[in-house]
Amino acid sequence: MQYVSTRGAAPVLGFEDVLLAGLARDGGLYVPKSWPRFTEDDIRAMRGLPYSEVAVRVMLPFLGGAIAEDEFRAIVKDAYATFDHAAVTPLVQLDQRNWVLELFQGPTLAFKDVALQLLGRLFDHVLAKRGQRVTIVGATSGDTGSAAIEACRDRANIDIFILHPKGRTSEVQRRQMTSVLSSNVHNIALAGTFDDCQDLVKAMFNDTDFRDRMGLSAVNSINWARIMAQIVYYFVAAVALGAPDRKVAFTVPTGNFGNVYAGYGARAMGLPIETLVVGSNSNDILARFFASGAMTAAPVVPTISPSMDIQISSNFERLLFDLLDRDGAAVTAALNRFRAEGRFEVTQAQLDRALAIFAGNRVDEDATLATVKAVWEESGYLLDPHTAVGVASARGIATDPTVPMVVLATAHPAKFPDAVEKATGRRPALPPRLADLYEREERLSDLPNDLAAVQEFVAARARAAREAA
Ligand SMILES: *Cc1c(COP(=O)(O)O)cnc(C)c1O
């Protein structure tokens, strides 16, 4: 299996190099040169299999032999053993038509665990084989840092440093990060804002000498292996609902377009997906694109579904590559125009091709809260605000009523208790695995908003650096 960059000017790479590279050298994102295809019989044969076995079958073609099947099976089983539910991603019925696919049964209660639990282990495996170490650095406003920490904790060849703005995350968010006491996990409480944290991380990557000495790397949402891991649950859910002999539709609460792009991949691999509904909150750049064919920048507004508060969806570039007939120069031109003018558009024919698969919908704050309340009253099921955007998007769009609709549930309601309580009057309890979170010991380091101080801190602790010295 070979991977090409969406900008067309980076080397073609195999799986291991794509995994470790993340972003392509031309600034593009890696995608498979061609999608592996499953026959209807292949898909039928997935019925009744455990999650990890479907995962091995779906992902193996993407590895191109880089990891032996038995070794890969062991890695996959180990990754999903960290989940709280035997089905890993259980399906729950909401009403006669709509189902919820719970992607939040992992260690940090959000769907990013599904990809990151595997990614951390894949990194470690490939690094061990190559005798290398990496230093992961990242910034978080509170929401996603814990998933990266849980992915990297105790990995033999990875050290992770996560910067969060001191005093500006919720207590649950901070404790989910700082109560991980593994020696390779370093939480930095920065005297500054989230933007300061991001600027420092960028500055560390831009310091090429520092970057090379530390073996800096990232596990961000553009990494191909994250998409690959997310394709699996589309197969698991669709097969449980009758695929390939029955079509299935999905609705995805969307931010960076990674999750819904994985659904596009599953469809390209032969899964009979009727529609992919892209659910947006008030940050509706994608909904406006699907309505008009124009991508137009707008300022980010904070919402009660903060993981979807984005200005530009980085993974959309992967879809754009296909809409522009895999012409890397055309993708580069469109994105340069977006950077310069805050806008690019596709032709009506290109938009029509997207609309044959995707539909966009936008849900505002009131409708999100009303949906949390309505579903609680109808079914006694608590939705988190991100999933509620999904349910409202699914219900607000006309699709074939005989096709089951699966809404991806991207966070546990206890992760966003204030919004849930506001809508229903009920404060969701943390699941047993986190019930003692408030009693756990914390470890974190206070640092000033100063690049030299942060670099010194990292250099003193990163094992990759000690080896090079
Ligand atoms: C990251 C995230 C999303 C958005 O997923 P994308 O792949 O970025 O579209 C939605 N909901 C939650 C809870 C998330 O953490």
Side-chain angles (χ1 to χ4, degrees), residues 29 89 100-117 119 138 140-151 169-170 172-173 176-177 219-234 250-266 276-287 289-290 300 302-319 358 360-363 368 372 382-394 407-417 419-420 428:
L29 278 58
T89 59
V100 160
L101 184 66
E102 294 187 345
L103 304 179
F104 54 69
Q105 300 279 350
T108 75
L109 313 183
F111 98 97
K112 296 200 171 56
D113 291 329
V114 181
L116 283 169
Q117 284 297 309
L119 195 72
T140 184
S141 58
D143 226 34
T144 55
S146 58
I149 286 171
E150 287 289 347
T169 66
S170 77
V172 172
Q173 287 173 336
Q176 278 194 292
M177 298 190 284
V219 288
N220 48 25
S221 79
I222 52 86
N223 193 297
W224 163 255
R226 284 180 65 168
I227 305 287
M228 173 184 86
Q230 291 169 4
I231 293 173
V232 173
Y233 46 72
Y234 287 89
F250 288 89
T251 298
V252 187
T254 296
N256 264 323
F257 207 76
N259 205 0
V260 72
Y261 178 78
Y264 172 82
L276 289 163
V277 179
V278 179
S280 300
N281 63 22
S282 305
N283 297 289
D284 61 352
I285 183 169
L286 290 167
F289 172 81
F290 287 114
V300 176
T303 71
I304 52 170
S305 44
S307 303
M308 297 159 64
D309 292 347
I310 49 92
Q311 200 198 5
I312 173 79
S313 301
S314 44
N315 276 292
F316 186 83
E317 181 168 340
R318 291 187 156 112
L319 176 65
F358 293 96
N361 208 351
R362 168 196 199 271
V363 179
T368 305
V372 175
L382 283 180
L383 300 173
D384 102 285
H386 302 79
T387 310
V389 168
V391 171
S393 296
V407 179
L408 302 193
T410 53
H412 189 289
K415 209 153 178 177
F416 298 93
V420 175

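Because the structure is a prediction, the values reported are computed rather than measured. Whatever order the structure lists ligands and atoms in, that order sets their numbers, starting from 1.
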Pairwise side-chain contact, N281 with D309, heavy-atom cut-off 4.5 Å (strictly under): yes
M308 side, atom CE; T303 side, atom OG1 - distance, nearest 0.5 Å: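 With rounding to 0.5 Å, CE (M308) is 7.5 Å from OG1 (T303).
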Separation of N283 CG from S305 OG (nearest 0.5 Å): 8.0 Å
Contact residues of ligand 1, where a non-hydrogen atom lies under 4.0 Å away: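 The 4.0 Å shell around ligand 1 contains F111, K112, P253, T254, G255, N256, F257, G258, N259, S307, M308, H386, T410, A411.
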Polar side chain donor-acceptor pair, R318 to N315, under 3.5 angstrom: yes
P253 to T387 - nearest heavy-atom pair and separation: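 Scanning both residues completely, I find the closest heavy atoms to be CG-CA, 4.2 Å.
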Qualifying residue, where the test is side chain to side chain contact (heavy atoms under 4.5 Å, CB included) with T108 and the options are Q176, H412, M177: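 Going through Q176, H412, M177 one by one, the side chain to side chain contact (heavy atoms under 4.5 Å, CB included) with T108 is satisfied by Q176 alone.
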